[in-house]
Amino acid sequence: MSSFIIEGGESLKGTVRASGAKNAVLPVMAASLLAEGECVIEDVPELEDVRVMREVLSSLGAGCETKESSLKINPDNIDTCEAPYELVRKMRASFLVMGPLLAKYGRARISLPGGCAIGSRPIDLHLKGFSALGAEIDLGHGFVEARCEKLKGNIIYLDFPSVGATENIMMAAALAEGQTIIENAAKEPEIVDLANFLNSMGAHIRGAGTDIIKIEGVKSLKGISYTVIPDRIEAGTYLIAGAITNGDVLVENVVSEHLKPLIAKLIECGAEVTEGEDGIRVVGKGRPNPVDVKTMPYPGFPTDMQAQMMAYLSLCNGNSMIIETVFENRFMHVEELKRMGARIRIEGRSAMIEGVEKLSGAPVKATDLRAGAALILAGLAAEGTTEVMNAQHVDRGYENIVEKLRSIGAKIKRAE
Ligand SMILES: CC(=O)N[C@H]1[C@@H](OP(=O)(O)OP(=O)(O)OC[C@H]2O[C@@H](n3ccc(=O)[nH]c3=O)[C@H](O)[C@@H]2O)O[C@H](CO)[C@@H](O)[C@@H]1O
Ligand SMILES: C=C(OP(=O)(O)O)C(=O)O
């Protein structure tokens with residue numbers, strides 16, 4: 001297992017490009033199963049999660065071919081509708097193949113994903129959606145098995161605007177008979193990207209990006225070429241890297257609109273943020289002002305930026321509070337940040353942060369993807385050496401993180 005070794009205290013300066021979005025490319029890869037013929041996806045980041053999704057698609061019989069950052073997927077020879085535990089346990093997003101398989105082949109047997117470090121993460125809303133579309137669902141032996149003759153459109157109200165459930169239902173409904181309406185749908189940019197991808201394939205989806213999505217089912221979808229949106233969470237992480245090191249960093253390949261909730265908080269913290277044609281530039285201006293942050297579904301502050309924001313606020317000039325409303329257990333980074341000198345107290349879903357003047361380098365452990373990113377940020381700002389263990393979590397979602405950070409002046413390396 002590898003670690004990141006960081007010598008803190010360098011002010012980061014320069015330009016870094018955000019890659020294609022992990023959370024957009026994974027559902028788009030799953031949706032390629034719906035096509036007749038080949039899809040070509042462009043700007044696909046080289047990530048562990050993308051590799052796992054490729055394995056899932058290959059195990060179903062789809063042809064997958066990677067050439068630089070382009071990925072060809074051909075589902076014409078799918079020969080099984082079963083996704084095994086060995087793959088689904090590695091990545092929850094594997095469950096996104098259920099909607100496409102059910103819609104196109106009338107059956108799917110997918111291992112139950114189970115919980116992970118950030119929460120129990122049930123899939124009840126996905127299943128409720130498939131049932132409403134007419135699928136018969138059986139749970140047993142650790143698998144979800146779903147069958148149907150032909151899915152039929154329906155009105156589905158989601159109790160919570162779940163990103164994955166919205167995506168899975170949207171993909172299933174694209175080939176269902178008649179109209180499906182998803183109410184209280186998730187509004188994340190990745191939902192809009194998936195709808196754009198499906199519509200380019202020939203689907204009829206309106207309203208993606210609002211809380212009511214209407215899908216008129218069509219008979220078939222065709223293979224197309226598509227470029228996924230930039231990764232707003234990766235971009236946000238590099239913006240905080242600039243701010244936390246009192247640096248001057250330009251992040252290219254971003255959609256500013258997608259980063260509004262973070263930009264607003266960075267400005268409130270006192271950082272200088274400029275949104276330009278070429279990207280977003282951040283200039284750090286010393287210790288951040290204390291601010292309160294509450295994670296919410298989009299367009300609220302993203303839960304996937306919460307840990308990184310906490311690393312930044314651990315150095316604030318006063319007291320800040322972060323409330324995590326999306327996942328029930330997403331504070332695993334707190335104990336590790338405390339090992340670096342942060343003063344943070346958890347009360348239920350709130351973290352009270354008493355800003356400190358300095359963090360000190362220490363050996364720490366990444367428990368999940370964004371916790372790992374937060375510890376790297378803390379390490380960049382800390383005095384001395386930080387070792388962030390369990391680099392594999394970070395590799396799930398950050399393409400070439402060592403190279404990108406080094407290119408803007410960070411002293412970071414990977415150790416096996
Ligand atoms: C691959 C991907 O895109 N992952 C993102 C996606 O995850 P994911 O799609 O898993 O997140 P959801 O939006 O579904 O989950 C949000 C909340 O809803 C709950 N829930 C979800 C489904 C369900 O059937 N029942 C239920 O109770 C979850 O436990 C969680 O508390 O959105 C999250 C919220 O923005 C992000 O943190 C993840 O990075
Ligand atoms: C939680 C995340 O991803 P996943 O849903 O794949 O676990 C994330 O990207 O921060």
Side-chain angles (χ1 to χ4, degrees), residues 19-31 45 47-53 56 88-99 112-132 137 139 144 156-171 182 184-194 211 228-229 231-237 258 261 295-309 324-330 332-333 349 366-374 392-399:
S19 302
K22 162 178 100 65
N23 289 350
V25 81
L26 297 174
V28 162
M29 286 173 75
L47 298 173
E48 189 52 26
D49 274 14
V50 170
R51 205 187 55 72
V52 174
M53 187 57 103
V56 172
V88 182
R89 79 180 168 84
K90 284 192 195 163
M91 185 187 67
R92 295 181 46 84
S94 315
F95 198 72
L96 292 174
V97 298
M98 183 143 228
L112 277 162
C116 70
I118 63 176
S120 66
R121 306 187 75 177
I123 45 154
D124 54 316
L125 300 173
H126 301 235
L127 302 186
K128 203 170 136 185
F130 297 142
S131 292
I137 313 274
L139 299 182
V144 186
I156 298 161
Y157 175 83
L158 296 179
D159 301 334
F160 184 89
S162 153
V163 172
T166 304
E167 291 168 344
N168 234 338
I169 296 167
M170 202 160 75
M171 291 188 280
I182 310 176
N184 200 26
K187 297 184 281 198
E188 271 67 6
E190 293 76 17
I191 303 282
V192 179
D193 205 42
L194 177 63
D211 49 17
V228 291
I229 53 170
D231 197 312
R232 62 193 167 104
I233 306 301
E234 187 203 15
T237 304
H258 297 169
T295 67
M296 298 281 274
Y298 192 84
F301 190 92
T303 173
D304 291 352
M305 284 302 303
Q306 181 257 108
Q308 301 91 310
M309 193 68 195
E324 171 60 58
T325 76
V326 180
F327 289 105
E328 72 272 16
N329 188 29
R330 206 172 194 178
M332 302 286 279
H333 40 283
R349 286 186 168 223
T367 47
D368 63 84
L369 166 58
R370 308 304 170 187
Q392 76 277 7
H393 289 298
V394 176
D395 295 334
R396 282 188 48 214
Y398 290 90
E399 185 179 44

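Start at 1 and go down the list; that is how both ligands and their atoms are numbered. Computed from heavy atoms alone, side chains included, the values below leave out hydrogens, waters and symmetry copies.
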Problem - ligand 1 contact on T303 by region, counting heavy-atom pairs under 4.0 Å - result: side chain
Handout entry: Under 4.0 Å to a heavy atom of F160 - the qualifying atoms of ligand 1, by number
Key = 16 (C), 17 (C), 18 (O)
Exercise for the section: Provide the number and element of each atom of ligand 1 under 4.0 Å from a heavy atom of D304. Expected result: 36 (C), 37 (O), 38 (C), 39 (O)
Handout entry: Reported CG-to-CG distance for the pair L125 and N168, which is rounded to 0.5 angstrom
Key = 11.0 Å
Practice task
Non-hydrogen atoms closer than 4.0 Å to ligand 2: which protein residues do they belong to? List them by chain and number, please.
Solution key: K22, N23, I118, R121, D304, R330, L369, R370, R396
Handout entry: salt bridge (charged side-chain N to carboxylate O under 4.0 Å, His left out) between E234 and K22, intermediate numbers included
Key = CA-CA 9 Å; E234 187 203 15; K22 162 178 100 65; over 6 Å; no
Handout entry: Point-to-point distance, once rounded to the nearest 0.5 Å, from CZ of R89 to CG of L112
Key = 15.0 Å
Practice task
Compare every heavy atom of M305 with every heavy atom of I233, then report the nearest pair and how far apart it is.
Solution key: O-SD, 3.5 Å
Exercise for the section: Calculate, to the nearest 0.5 Å, the distance between atoms CD and CG belonging to E167 and L26 respectively. Expected result: 9.0 Å
Practice task
Might you point out which heavy atoms bring D368 and A117 nearest each other, and give the distance in Å?
Solution key: CB-CB, 4.3 Å
Problem - Carboxylate-amine/guanidinium proximity below 4.0 Å for D49 and R92 - result: no
Practice task
Can you see which heavy atom on R349 is nearest to which on F327, and at what distance?
Solution key: NH1-O, 4.1 Å
Practice task
List the closest protein heavy-atom neighbour of atom 24 (O) of ligand 1: residue, atom name, distance to the nearest 0.1 Å.
Solution key: L125 N, 2.7 Å
Handout entry: Side chains of P45 and V25 in contact at under 4.5 Å (non-hydrogen atoms)
Key = yes
Exercise for the section: Compare all side-chain heavy atoms of K187 with those of D211 and state whether any distance is below 4.5 angstrom. Expected result: yes
Exercise for the section: Around atom 27 (O) of ligand 1, find the nearest protein heavy atom and jot down its residue, atom name and distance. Expected result: P122 CG, 3.4 Å
Exercise for the section: Kindly compute the distance separating OG1 (T237) from CG (D231), expressed to the nearest 0.5 Å. Expected result: 8.0 Å
Fill in the blank from the handout: shortest atom 13 (O) of ligand 1-to-protein heavy-atom contact is with V163 N, 2.8 Å
Handout entry: Spacing of H393 atom NE2 and R370 atom CZ [to the nearest 0.5 Å]
Key = 13.0 Å
Practice task
Check whether any side-chain heavy atom of I229 sits under 4.5 Å from a side-chain heavy atom of V192, and report yes or no.
Solution key: no
Fill in the blank from the handout: Closest heavy-atom pair, P261 versus G300, reported as atoms and distance to 0.1 Å, is CG-O, 3.5 Å
Problem - Residue, atom name and distance, where the atom is the protein heavy atom closest to atom 25 (N) of ligand 1 - result: D124 OD1, 2.7 Å
Practice task
Answer yes or no for atom 36 (C) of ligand 1: protein heavy atom present at a distance under 4.0 Å?
Solution key: yes
Problem - Atom indices of ligand 1 within 4.0 angstrom of G164 heavy atoms, with elements - result: 9 (O), 14 (O)
Practice task
May I ask you to list the atoms of ligand 1 that are less than 4.0 angstrom from any heavy atom of H126?
Solution key: 24 (O)
Practice task
Specify the protein heavy atom at minimum distance from atom 14 (O) of ligand 1: its residue, its atom name, and the distance to 0.1 Å.
Solution key: S162 OG, 2.6 Å
Fill in the blank from the handout: atom 1 (C) of ligand 1: closest protein heavy atom, distance to 0.1 Å, is N23 OD1, 3.3 Å
Exercise for the section: Would you mind listing which atoms of ligand 1 come within a distance below 4.0 Å of any non-hydrogen atom of V326? Expected result: 16 (C), 17 (C), 30 (C), 31 (O)
Practice task
Please could you name the atoms of ligand 1 that R330 approaches to less than 4.0 Å, counting only its heavy atoms?
Solution key: 37 (O)
Handout entry: Nearest neighbour of atom 7 (O) of ligand 1 from the list M91, R121, R92, on a heavy-atom basis
Key = R121
Fill in the blank from the handout: Of all protein heavy atoms, the one nearest atom 28 (C) of ligand 1 is F327 CE2, 4.2 Å
Exercise for the section: Would you mind telling me if ligand 1 is within reach of the side chain of A165, the backbone, both or neither, using heavy atoms under 4.0 Å? Expected result: neither
